[in-house]
Amino acid sequence: MAIKKMGWKELMPGDAISGGTAAEFETGDWRSEKPIFHKENCINCYFCWAYCPDSAILLDENKKVVGIDYKYCKGCGICDRECPTKKEKRAITMETERK
Amino acid sequence: MEKIVEIRWHGRGGQGAKTAALLFADCAMSLGKYIQAFPEYGPERMGAPVQAFDRLSDHPITLHCGITNPQIVLVLDPTLMATVDVTQGLPADGSLIVNTSKSPQEIRKELGLKNAKIYTVDASAISKDKIGRDIPNTPMLGALVKVSGLLDYDQMIKDTEVKLEKKFAHKPEIVKGNIEAIKTAYDKVKGEK
Amino acid sequence: MPRIARTGNEAMAEAMRQINPHVVAAYPITPATEIVMIFAGFVANGVVDTQFVAVESEHSAMSACVGAAAAGCRVMTGTSSQGLQLMSEILPIASALALPIVLCEVNRALSGPINIHCDHSDTMAVRDFGWIQIFAENAQEAYDSVLQAVVIAENMQVRLPAMVTTDGFIISHCMERVEALEDAEVKKYVGEFKAVNSVLDVGKPLTMGCLDLQDYYFEHKMPIVESMKKAKDVILEVGLDFGKQFGREYGLVENYKMDDAEIAMVAMGSTCGTARVVVDELRGKGVKAGLLKVRAFRPFPAEEIKQSLSKLKSVAIMDRSDMFKNQGGQVFTEIRSAMYGGANSPILTNYIYGLGGREISLDDIRKIFAEQKKNAESGEVSQLIQHFGVRI
Amino acid sequence: MPGLRDLVKKSDPLTGGHRACAGCGAPIVVRQVLMSSKDPVVVVSATGCLEVVTTIFPYSAWTVPFLHNAFENSAATCSGIEAAYQALKRTGKIKEGQHINFVAFGGDGGTYDIGFQSLSGAVERGHDMLYVCYNNEAYMNTGIQRSSATPKGASTTTAPAGKVIPGKVQFSKNLTEIMVAHEMPYVAQSAVGFWRDLTSKAEKAFSIRGPKFINVLQPCRLGWGYKPADTAAIGRLAADTCVWPLYEVENGKYKLTYKPKEKKPVVEFLKSQDRFRHLLKPGNEAILESIQKETDKRWEALLAKSEG
């Protein structure tokens, strides 16, 4: 991400900034493990969503889990660990990140 | 009044030397003077000898150094004179006003003072009589006005009355007692013949 | 205009009452305690609308002030000495966040040894934190300057916190005649507070106080540099306007009998008043003596001082604190730096004096002027820096 | 009590793109606490991991108003904001009924240690605010130094497990009980891994006016030494071994909010993390025993209060 650095005259007064700008910052390249979402097995319990530290569980407009936001996902694997689905019908599985 | 008149008050912590200095300056200001009033500050507590000071002038006062040669010294508690040199820095033509039942001559003898003018007034007795408690600082104001001639007596009484009325709005007897004490001290303060 | 008899502390508290700030967060400390006490009385009696936060330390006082100011409020506090030092971690945060907090500071020596009396070491220790610093000579100036500080700090070109100082006990506890303004006049003079940012604006969520890495910290310091530049003009404008409105004019410095002076004293705070008396005396004797009072120490009025001093022969620069760097005190250091490169520079000598409330008398000042006279006549510096009046 | 089905409808107080470690528990605490508020929130954070990773200029992960001041003063700063809110309400600048919840976050360093005076003062003054300690039991931001929240035996960089001294010598300070002693309206302990427990407590705290305090155990994969996926699981293990009981104290009344079905031995918790690994070597039996004993003592005391 090559974002032009602001000069001091371009800064908001008083060391302030609009909230939420970190959304522009990608942390997806931190991953070595990658969660894969299997929609057909998802029971929409939202445990993955509740425990994801990176707000990286994607929901659709009906608030159903639809996938992982790889822009932010750091691959910690909490979503997989907390997913209560059975071994043979996992909604989230981890695999090695392919570069 | 051409120059600045400087006054020093001696008392014990809690006796109201600071209050007297502030009251007098406040009153003088109301009567058109430029003033300063300040206590001497230290870690002393109730009972320790303390000092407070006044400066009065018809012109703005800019200097902010301490007062070392006061023209007038007031002693709220005569027992202080045994340990504190209340005449320190007092010029030959200065005045010393002591709250005591003794005469100026007796005080002069006790202090072994060669010059300066000495005045006495039994402010404690007046205070007990008029206010009901031994708070000599208000009657001493009366004595100070008489001795110094710095302020107009009638105006001073009037101004003090107004201030006390504001402070003790619900206690008119306190106002009356204080004013009477000031008046009595004004009348009774005596100098050497 | 009401004429009132007030100590420096009372005058500052009176100004605070009339300003009626939204929030005051403060902690008591000698000799500034009275400011807080008197103000707490105003709150208890409902004469101000202020939310008063009686915090558990000065650190929390300044922290709460920052919180309240970041929430879009007019905020004030008062402190002294150790209290100012305890706040000091938060002082540069207040300026970086561009929060126009106004602080009533009573100059008092720093521990150790512990001492409650006046010197300027506390205020000097926080001189480089992006706060405007105004030194008041007496209770009247303290009152007027607190009112002006609100207007200066809140000026959109400035938007910096400001402290107004009085000398501990000498002014803070000395009752003097003060010409006050009417409540309505003050209300009109300081006007409505205009917030730039507010964390209470939940509809427009801001993040304030970010972590800056090497790529932004420097940029975030520049607005303070710029604001301090503008603050010089604003202090002047506000001082002039105050004079027009209320008859007492103020500047960055005050030149007293300096026009044709050959020798002079430079001082800050209450000492200036005492020095005036000596200047008058010397003038009466035909000595061309003057006094330069430095009122604003931050921003530092280097140009104005240079202009005032460049035609003189010898100048005594008074510092009521030492920097312990073997090169004089803060005022001396600043002025020497300001004079560098000028065509005509007078002999500058430094007097570090009055530490811990040590008296500076008329005789002391006479002595210092006599030394200046000697310097002027001989063209030589007798002693560059002296710790005046200290026993050996 | 809000379910996750309700919470997912809320806007997220934090965006992605912040720089917390993979598997960090702190953002989990923040999201669960703030999404439990029905009203708008204003947040203050102490200097620490949370503040550092979420506000690297010009990227702020906060979608709610946020102020960082310094390390030891988040409670004082928050009390200033709350005072400002009261002042503006009084002068009519903020409308009556426009309620805002004020939340201060601090790590255990900023809460138990350097920020304790500020917290105690703000609570004593009775500000309407919720203070949340995200307690990861050491100064993680500066590289895992001991705090007074660090448990006995844990190895940190300022109380390392050495040849002579086996990690931290002292037991952790029981800050939750100290806050109870402030006789404030609401005090609670929760842990990452119990979303319903934490959101219920946050919701209850927001319904109460005055100062509230929640101490949330927040496993730190870096400082504690475990696989990042285990963050929530280790929080649950802490509760199951009773090293970190979940309870609340409302107006002085204790209530256990989670009772393990079977109280597991403390060693189960210790062996899950690298910071305690040295304790499992032969020769440290006495330390293990003392930790179990202290855990039992605190647990029994809590049970007694809760039943009483």
Side-chain angles (χ1 to χ4, degrees), chain A residues 1 3-6 10-12 14-35 44-65 68-83 92 94, chain D residues 3-32 35 43 50 53-69 192-196 198-199 218-219 221 227-236:
Chain A
M1 263 184 311
I3 288 177
K4 187 187 163 282
K5 304 271 189 206
M6 288 177 274
E10 299 170 87
L11 300 173
M12 271 180 81
D15 189 11
I17 189 167
S18 296
T21 50
E24 295 163 31
F25 193 87
E26 294 184 17
T27 49
D29 57 358
W30 293 26
R31 266 192 321 275
S32 58
E33 296 269 305
K34 184 177 187 177
N44 276 298
C45 68
Y46 300 113
F47 287 2
C48 57
W49 175 87
Y51 288 112
C52 175
D54 294 297
S55 306
I57 303 298
L58 290 170
L59 305 176
D60 67 9
E61 63 270 29
N62 299 316
K63 301 294 170 189
K64 299 288 175 205
V65 180
I68 310 292
D69 193 339
Y70 293 117
K71 188 178 172 189
Y72 306 125
C73 171
K74 294 168 186 157
C76 68
I78 293 179
C79 53
D80 168 48
R81 180 80 163 74
E82 297 300 312
C83 180
I92 298 176
M94 298 301 287
Chain D
L4 293 179
R5 263 164 240 287
D6 306 307
L7 291 182
V8 289
K9 291 176 190 144
K10 298 241 182 164
S11 67
D12 203 323
L14 279 182
T15 67
H18 60 70
R19 267 49 97 70
C21 295
C24 177
I28 302 172
V29 175
V30 169
R31 294 174 73 233
Q32 291 182 2
M35 288 170 95
V43 174
L50 175 66
V53 301
T54 54
T55 69
I56 301 175
F57 195 87
Y59 302 105
S60 163
W62 298 88
T63 64
V64 295
F66 174 93
L67 174 64
H68 160 250
N69 189 348
V192 171
F194 295 89
W195 69 265
R196 189 180 286 282
L198 179 54
T199 57
Q218 179 246 303
R221 47 83 44 114
K227 284 205 301 292
D230 292 340
T231 292
I234 286 192
R236 287 191 289 269

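Chain letters run A, B, ... following the sequence lines, proteins first, then strands; residues in each count from 1. Note that the structure is predicted; figures quoted are calculated from it, not measured. Basis for what follows: all heavy atoms, side chains included, without hydrogens, waters or symmetry-related copies.
- Only the side chain of A:L11 comes within less than 4.5 Å of a heavy atom in chain D; its backbone stays farther off.
- For the options A:D69, A:T27, A:L59, heavy-atom pairs under 4.5 Å to chain D are most numerous at A:T27.
- Contact of D:R5 with chain A is made through backbone and side chain together, with heavy-atom distances under 4.5 Å.
- If you tally non-hydrogen atom pairs under 4.5 Å between each of D:C21, D:P13, D:G23 and chain A, the highest count goes to D:G23.
- Residue D:T63 comes nearest to D:L14 through the heavy atom pair OG1-N, 4.2 Å, listed as atom of the first residue, atom of the second, then distance.
- Ranked by heavy-atom pairs shorter than 4.5 Å toward chain D, the options A:A23, A:P53, A:A16 are led by A:P53.
- Relative orientation of the D:F66 and D:W62 rings is parallel, given thresholds of 30° and 60° on the angle between their planes.
- Looking at every heavy atom in both residues, A:C79 comes nearest to A:I92 through CB-CD1, 3.7 Å.
- D:R19 forms a cation-pi arrangement with A:F25, by the criterion of a distance under 6.0 Å to the ring centre and an angle within 45° of the ring axis.
- The line from NZ of A:K64 to CG of A:L58 is 15.5 Å long, rounded to the nearest 0.5 Å.
- Per-residue heavy-atom pair counts under 4.5 Å with chain D were compared for A:G20, A:G19, A:G77, A:A50, and the maximum is reached by A:G20.
- Heavy-atom pairs under 4.5 Å with chain D peak, among A:F47, A:W49, A:Y72, at A:W49.
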- Message: One pair to check against side chain to side chain contact (heavy atoms under 4.5 Å, CB included): D:Q32 and A:Y51. What are the steps and the verdict?
- Response: CA-CA 9 Å; D:Q32 291 182 2; A:Y51 288 112; 3.7 Å; yes
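- Across D:P27, D:G16, D:A22, the residue that shares the most heavy-atom pairs under 4.5 angstrom with chain A is D:G16.
- Here the shortest heavy-atom pairing between A:M6 and D:P58 reads CE-CB, 3.9 Å.
- Of the two parts of D:L7, the backbone and the side chain both hold a non-hydrogen atom closer than 4.5 Å to a non-hydrogen atom of chain A.
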